[in-house]
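A note on names: the letters A, B, ... follow the listed sequences, proteins ahead of strands, and every chain is numbered from 1. If you're wondering where the values come from, they're calculated on a predicted model, not measured in any experiment.
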There are 2 protein chains.
Amino acid sequence: MNKFHEIFLDLEKKILTNDYPPQSLLPSENQLMKIYGVSRETIRKALNLLTNAGYIQKKQGKGSFVLDVKRFDFPLSGLTSFKELQANQHISNQTIVTTLEKEFVTPQLSQVSDWQVGEEVWHLIRQRRIDGEVVILDKDYLLADVIPELPLEKAEDSIYAYFEDELGLEIAYAKKEIEVKLITNEIQELMDLRPEDTHVIVVTSLVFLEDTTCFEYTESYHRLDKFRFVEFARRRKI
Amino acid sequence: MNKFHEIFLDLEKKILTNDYPPQSLLPSENQLMKIYGVSRETIRKALNLLTNAGYIQKKQGKGSFVLDVKRFDFPLSGLTSFKELQANQHISNQTIVTTLEKEFVTPQLSQVSDWQVGEEVWHLIRQRRIDGEVVILDKDYLLADVIPELPLEKAEDSIYAYFEDELGLEIAYAKKEIEVKLITNEIQELMDLRPEDTHVIVVTSLVFLEDTTCFEYTESYHRLDKFRFVEFARRRKI
DNA sequence: GCCCATTTGTACGTATGTATA
DNA sequence: CTATACATACGTACAAATGGG
């Protein structure tokens, strides 16, 4: 691994274990150079990662303040998937695959995904049970050209771990959209909704590889009372 | 302004005006060095800004691909405020201030904001009319220690422009949370809700300055049918 | 399969500017 | 005013991926 990434992970660990507690200052860039035996640029790259992740706030002439990261415990932002989410939380949960089949791209799907009509895609529907209730429903379409095989046991686990670790895909970025929509019959049947539920949250995602090909289109349906989205955002200077 | 930031703005403009159309490659870093007469590090900093903003995708050995930015037309992410949002859109809209007064921090507010009970804050409530209907309601609390004066005409315009351009505040980052909540009587009275509306989206934000002081706590209420949140997210490597 | 030019990624060194205390 | 700390900028070198011959 890179030096700057290793230093990032080390500093992250020390912040999380309170070796560098909130409100304190990290060692200066000069001191960190000596501590890790690297150049200043390498230190600054590591500090940039910490800054973007919301761990520190730098101030010219003063130093790098450690931010309070405990109040920010649910990082859905930054392309984290459901399975990775669970690892951080302590929720009893279960994934049930209700559909896993190859289909052809329809005109409707082509419009939202930019895939050619007739291309082969995997169609995957998964119920996400949390504490016994289906409160999330994930509908995925995956380009078969990129994902030739999609075994059931992988679909029940994390498809992202399968794509990255076993298929060697490099997932680069995603475009996400959050909206509220009326419940359809299909959703009604597949989710454990309450009588008073008339709407669901829909998180639509297009996910792209490093070569800018879109390989995944997802609609993730969330019951209103179970949805929460937390984001750390830096002010982009205009 | 910085060189790398100016180069970023110039490249951004050229991407938006299709001088560098989607799917094409930017000039190589070496070529850009010659074009702008700067060092490679400066070019790379500008390209990093483009990468983070979702304009390009770099690939080692190949170059920097221009991404299709048109399909991504509503950048609410990254701490953009309502007023800045409007500028990009072509929506008839209006802001009505219904409350603007100094108060003291209550224990409830203290819990969510980390402000001391009894500190002075501005309490600001604004109705956001879009096409004549109040579909967004913003409840702001602003630390009076940081914002000594808050004139009505500034509150009706963009408070962020007032803070940054006139007060010289440096807004650094924010923690945001999106949830769905039941409608309260207060919300019912201040928003133009439909008979079938039982819930609203609540976007809660804590906004921080460069010195890590929290100066703003906001609850933004959105009518379900008018809410949309779009995000560009890069995969953070684990 | 291999070499080679091109392109981006990482890393180091140095110098100067600017903000803070 | 000075020492310290971060910000910007330039230069250099080598590694790694890509694509053409």
Can you tell me if [X] touches the phosphate of [N], counting only side-chain N or O atoms and a distance under 4.0 Å to OP1 or OP2?
X: B:R40; N: D:dC10; result: no
X: A:R44; N: D:dC6; result: no
X: A:T42; N: C:dC12; result: yes
X: B:K62; N: D:dA17; result: no
X: A:K59; N: D:dA7; result: no

[N] [atom2] sits how many Å from [X] [atom1], rounded?
X: B:Q60; N: C:dT10; atom1: CD; atom2: P; result: 8 Å
X: A:K58; N: C:dT20; atom1: NZ; atom2: C1'; result: 15 Å
X: B:E41; N: D:dA13; atom1: CD; atom2: P; result: 17 Å
X: A:L32; N: C:dA11; atom1: CG; atom2: P; result: 15 Å
X: B:F8; N: D:dT8; atom1: CZ; atom2: C1'; result: 17 Å
X: B:I35; N: C:dT7; atom1: CD1; atom2: C1'; result: 15 Å
X: A:L25; N: C:dA21; atom1: CG; atom2: C1'; result: 12 Å
X: A:N2; N: C:dC12; atom1: CG; atom2: P; result: 11 Å

Under a 3.5 Å cutoff, is there a donor and acceptor pairing between the side chains of [X] and [Y]?
X: A:E41; Y: A:S39; value: no
X: A:D211; Y: A:T213; value: yes
X: B:E149; Y: B:Y162; value: no

query = Closer to the 5' end of DNA chain D via nearest nucleotide, is it B:M33 or B:K45?
reply = B:K45
task = Answer yes when B:K176 and A:E231 have at least one side-chain N-carboxylate O distance shorter than 4.0 Å, and no when they do not.
result =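 Looking at A:E231 together with B:K176, the answer is no, because their closest N to O distance does not fall below 4.0 Å.
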query = Under the 3.5 Å rule, do the base of C:dG9 and the side chain of B:E29 count as making a donor-acceptor pair?
reply =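 No pair found.
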key: CD (B:E101) with more than 12 external heavy atoms under 6.0 Å   = yes
